[in-house]
Trainee: 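Here you go, one structure.
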Amino acid sequence: MSTFRAPKGTYDLIPPASATHLAVRETLAALPRLAGYGYVETPAFEDTAVFVRGVGESTDVVSKEMYTFDDKGGRSITLRPEGTAPVVRAALEAGLQQGQLPVKLWYSGSYYRYERMQRGRYRHFAQIGAEALGSADPALDAELIWLADSGFRAFGLQRTRLLLNTLGDATCRPLYREALVAYLALLDLDDDTRRRAEINPLRVLDDKRPEVREQLVDAPLITDHLCEACQQHHAAVRTFLDDLGVAYAEDPRLVRGLDYYTRTTFEFVHDGLGSQSALGGGGRYDGLSESLGGPPLPSVGWALGVDRTVLALEAEGIEVAGSARCEVYVVPLGDAARRRSVALAAELRSTGVATDIAYGDRGLKGAMRGADRSGARFTLVLGDRDLEAGTAQCKEMASGDQSSLQLATVVEELEEKLRRAVS
Ligand code: AMP
């Protein structure tokens, strides 16, 4: 063991578990790509102001959880705690809003929050995100929700639930906010919560403590304060979701930890994850572009947590197919055989057969142990005498069957055997 360990709140992804993470990313990203979303990649850090203005100063993410530092040039830099503000910043910088709308983008990456570590909550974590910028069409909200829902369903997850809400807009939310502030002012709240109620009263609705929850039973709900336009938008989103066969539960108390949301908000939760139950979420953020100095650009998007999706799969005992495992393991015995084996492995890999070789002088027994561990379907033993005879000895690992193959045609023969083994 080395003197060093991964920093607190982080963990390493190591084979074979890392294959599950890769598969999760690939599955969650596959559907947005089929729906016209293009790949976007932004730096791991941004000017701190992108998050302060974009995500909002009153949020926990900005006020408590950011990794912020001055770089050597004296600029305030922040490791990205989320993906939406950077993606909107990048789209505006490239002028994408001047082209065809909506601009549809997807991304995959690492995010950083200084949080208290617990299962499902880390300081370095991975998200897949999708954003559609420049359209207020409720069909787009439904498209994004369907994409996420279908992604989770592609794994066969059964215990995910979709919670849906609307947060109103610049017309109706201020009135709702006033009603909520007036209600909260009469409650028995500690100083911290009272401060929070002043800065961002909607967040109090998210409080998990029983003594606060009890007092919120009769709190005014946004759904009773929506303006006509927001009501229509929400009704349209629900109709599209019904048409798409997406099941959801309305949760008028669903608020999210980022300030930029307007209208549609949603969260996917999983019932096997304990307190960190949110697998992912998102919603509309019609005002974000303007907060970043851009033009009005009504937009909607989501971010799904890769780490928690992996935990949800574990909780349901679902194994996702890992990346290409070894199919053929080549065991060379002797120097000439080694030269031939290196070339043969390259040839097999070039035709798409996952191939590994026994490296080092481990002898036949040691090399066969390596073959077992590799999980290969076939092992090809190549001795110097085989080489002279132009043959190789093939062992099917599951059955133990052995056969002698001609070296001249060994690639085609192995391909044929692998095809038969699959069918
Ligand atoms: P948010 O940007 O907070 O809405 O997060 C979207 C999703 O990212 C959440 O539902 C989680 O699945 C995941 N996520 C957020 N924060 C963390 C964290 N600290 N550790 C692991 N996953 C996280």
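Read the numbers this way: they start at 1 and go in the same order the structure lists the ligands and their atoms. Since the structure is predicted, the reported quantities are computational estimates derived from the model, not experimental observations. Counting begins at 1 with the first residue of the sequence.
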Trainee: Compare all side-chain heavy atoms of Leu101 with those of Leu133 and state whether any distance is below 4.5 angstrom.
Mentor: no
Trainee: For atom CG of Asp271, is the number of surrounding heavy atoms from other residues, nucleotides or ligands below 6.0 Å larger than 12?
Mentor: yes
Trainee: Of the listed options (Ala278, Gly282, Gly129, Ser277), which comes nearest to atom 12 (O) of ligand 1 when hydrogens are ignored and any heavy atom counts?
Mentor: Ala278
Trainee: Find all atoms of ligand 1 within a distance of less than 4.0 Å from any non-hydrogen atom belonging to Tyr122, and give their numbers and elements.
Mentor: 18 (C), 19 (N), 20 (N), 21 (C)
Trainee: Show the atoms of ligand 1 that are less than 4.0 angstrom away from any heavy atom in Ala303.
Mentor: 6 (C), 7 (C)
Trainee: Evaluate the criterion side chain to side chain donor-acceptor pair (under 3.5 Å) for residue pair Asp169 and His233; output intermediate values, then yes/no.
Mentor: CA-CA 11 Å; Asp169 65 4; His233 186 92; over 6 Å; no
Trainee: For Tyr248 and Phe266, I'd like to know if the aromatic rings sit close, meaning centre-to-centre distance below 6.0 Å.
Mentor: no
Trainee: Determine, considering heavy atoms only, which of Gly280, Ala126, Gly305 sits nearest to atom 10 (O) of ligand 1.
Mentor: Gly280
Trainee: Can you name the atoms of ligand 1, numbered from 1 with element, that are less than 4.0 Å from a heavy atom of Gly120?
Mentor: 20 (N), 21 (C), 22 (N)
Trainee: Please check if the side chain of Asp149 supplies one atom and the backbone of Phe152 the other of a donor-acceptor pair under 3.5 Å.
Mentor: no
Trainee: Heavy-atom distances under 4.0 Å decide this one: backbone, side chain, both or neither, for Gln127 against ligand 1?
Mentor: side chain
Trainee: Determine whether Val62 and Pro81 make a side-chain contact, defined as any pair of heavy atoms from C-beta on separated by less than 4.5 Å.
Mentor: no
Trainee: Got an N/O contact under 3.5 Å between Glu115 and ligand 1?
Mentor: yes
Trainee: Judging by distance only, is a nitrogen or oxygen of Arg113 under 3.5 angstrom from one on ligand 1?
Mentor: yes
Trainee: Only one of Arg159, Arg308, Glu316 passes side chain to side chain donor-acceptor pair (under 3.5 Å) with His270; say which it is.
Mentor: Glu316
Trainee: Taking heavy atoms and a distance under 4.0 Å, where does Leu279 meet ligand 1: side chain, backbone, both or neither?
Mentor: backbone
